[in-house]
Amino acid sequence: MAKYLLLKHYRGAPAAVNDVPMDQWTPEEISAHVQYMNDFAARLEKTGEYVDSHALAPGGVWVRYDGEGRPPVTDGPFAETKDVIAGWMVIDVDSYERAVELAGELSAAPGAGGKPIHEWLELRPFLTARPTITE
């Protein structure tokens, strides 16, 4: 089994087919979307392919160590994760092909008007071993 991270983006990915921001959806559309995600996760729990998932709140900051006794909290000037990542799911599957299949299915979650979003999801494999340093 191999673990993959599925990243849902607010922005930064190519535009989805049904590209209406969630803050413009009705409460019923949001509920249908969340239900789809929950049903998808429950199905993967039954097959042993689900590991974990969470939606992320839009607020957040960049934090950087800046020397002894000075841990500043900064917020920019880079593209901020809080503006880009909406949530994530970790799956544990037998193959890359299965990961792509599940990401495609998750991309069909309903959005505005109850129509599938067809959003782009970022699929990233977990490292299976620590990187080695060659000198």
Side-chain angles (χ1 to χ4, degrees):
M1 301 284 276
K3 289 186 178 144
Y4 288 86
L5 177 65
L6 302 173
L7 289 173
K8 294 175 65 71
H9 291 264
Y10 285 119
R11 294 183 277 286
V17 172
N18 187 359
D19 193 24
V20 178
M22 188 179 263
D23 63 1
Q24 296 175 22
W25 297 1
T26 66
E28 294 80 16
E29 291 166 342
I30 293 171
S31 292
H33 181 81
V34 170
Q35 187 63 53
Y36 183 96
M37 303 293 288
N38 289 340
D39 291 347
F40 183 81
R43 188 168 51 82
L44 294 185
E45 280 181 324
K46 290 180 183 174
T47 64
E49 296 173 306
Y50 177 82
V51 177
D52 198 10
S53 63
H54 287 280
L56 298 175
V61 296
W62 285 90
V63 178
R64 183 189 76 193
Y65 176 77
D66 197 30
E68 189 64 37
R70 297 179 296 173
V73 175
T74 64
D75 197 15
F78 312 104
E80 299 187 48
T81 302
K82 71 180 183 188
D83 291 336
V84 179
I85 306 299
W88 53 270
M89 178 178 284
V90 177
I91 57 175
D92 194 0
V93 295
D94 288 328
S95 67
Y96 168 78
E97 290 77 17
R98 177 66 174 153
V100 169
E101 176 186 345
L102 291 174
E105 186 177 335
L106 190 58
S107 149
K115 296 178 181 171
I117 300 171
H118 297 281
E119 68 182 324
W120 289 92
L121 297 173
E122 185 176 351
L123 178 65
R124 306 267 312 263
F126 279 62
L127 288 174
T128 57
R130 287 187 170 176
T132 56
I133 299 173
T134 57
E135 293 183 35

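Quantities reported herein were computed from a predicted structural model and do not represent experimental measurements.
Once rounded to the nearest 0.5 Å, the distance linking NZ of Lys3 with OG1 of Thr128 reads 11.5 Å. Residue Asp52 holds its CG atom at 9.5 Å from CD of Glu45, rounded to the nearest 0.5 Å.
Every residue two or more places apart in sequence or in another chain that forms a ring pair (Phe, Tyr, Trp, His ring centres under 6.0 Å) with Trp25 is listed here: His33. With sequence neighbours excluded, no residue forms a side-chain hydrogen bond (donor to acceptor under 3.5 Å, both in side chains) with Ser107. When the side-chain hydrogen bond (donor to acceptor under 3.5 Å, both in side chains) test is applied to Asn38, no partner is found at least two apart in sequence or on another chain. In this structure, the salt bridge (charged side-chain N to carboxylate O under 4.0 Å, His left out) partners of Glu122, at least two apart in sequence or on a different chain, are Arg124. Applying the side-chain contact (heavy atoms from CB on, under 4.5 Å) test to Ser31 and every residue at least two apart in sequence or in another chain returns nothing. A search for side-chain contact (heavy atoms from CB on, under 4.5 Å) contacts involving Pro21 returns Asp23, Gln24, not counting sequence neighbours. For Ala108, the side-chain contact (heavy atoms from CB on, under 4.5 Å) partners two or more places apart in sequence, or in a different chain, are Tyr36, Pro116. Every side-chain contact (heavy atoms from CB on, under 4.5 Å) that Val93 has, sequence neighbours left out, goes to Tyr4, Glu49, Ile91, Arg98, Ala99, Leu102.
Asp94 places no side-chain N or O within 3.5 Å of a backbone atom of Met1 that could act as its donor or acceptor partner. Side-chain N or O atoms of Asn18 include one that pairs as donor or acceptor with a backbone N or O of Ala112 at under 3.5 Å.
Residues Met22 and Val34 share a single hydrophobic cluster, defined by chaining ILVMFWY side chains whose heavy atoms lie under 4.5 Å apart. No single ILVMFWY cluster, assembled from side-chain heavy atoms under 4.5 Å apart, contains both Val51 and Leu6. Each of Leu56 and Ile117 belongs to its own hydrophobic cluster when Ile, Leu, Val, Met, Phe, Trp and Tyr are linked at side-chain heavy-atom distances under 4.5 angstrom. Transitive grouping of hydrophobic side chains (ILVMFWY, heavy atoms separated by less than 4.5 Å) keeps Leu5 and Leu121 in distinct clusters.
In the hydrophobic clustering (ILVMFWY side chains linked at under 4.5 Å, chained through shared members), Trp120 stands by itself.
Sequence neighbours left out, the pairs with a member in residues 87-118 that pass ring pair (Phe, Tyr, Trp, His ring centres under 6.0 Å) are His54-Trp88.
Taking both residues in full, the closest heavy atoms of Met89 and Ala41 are given as CE-CB, 4.1 Å, listed atom of the first, atom of the second, then distance.
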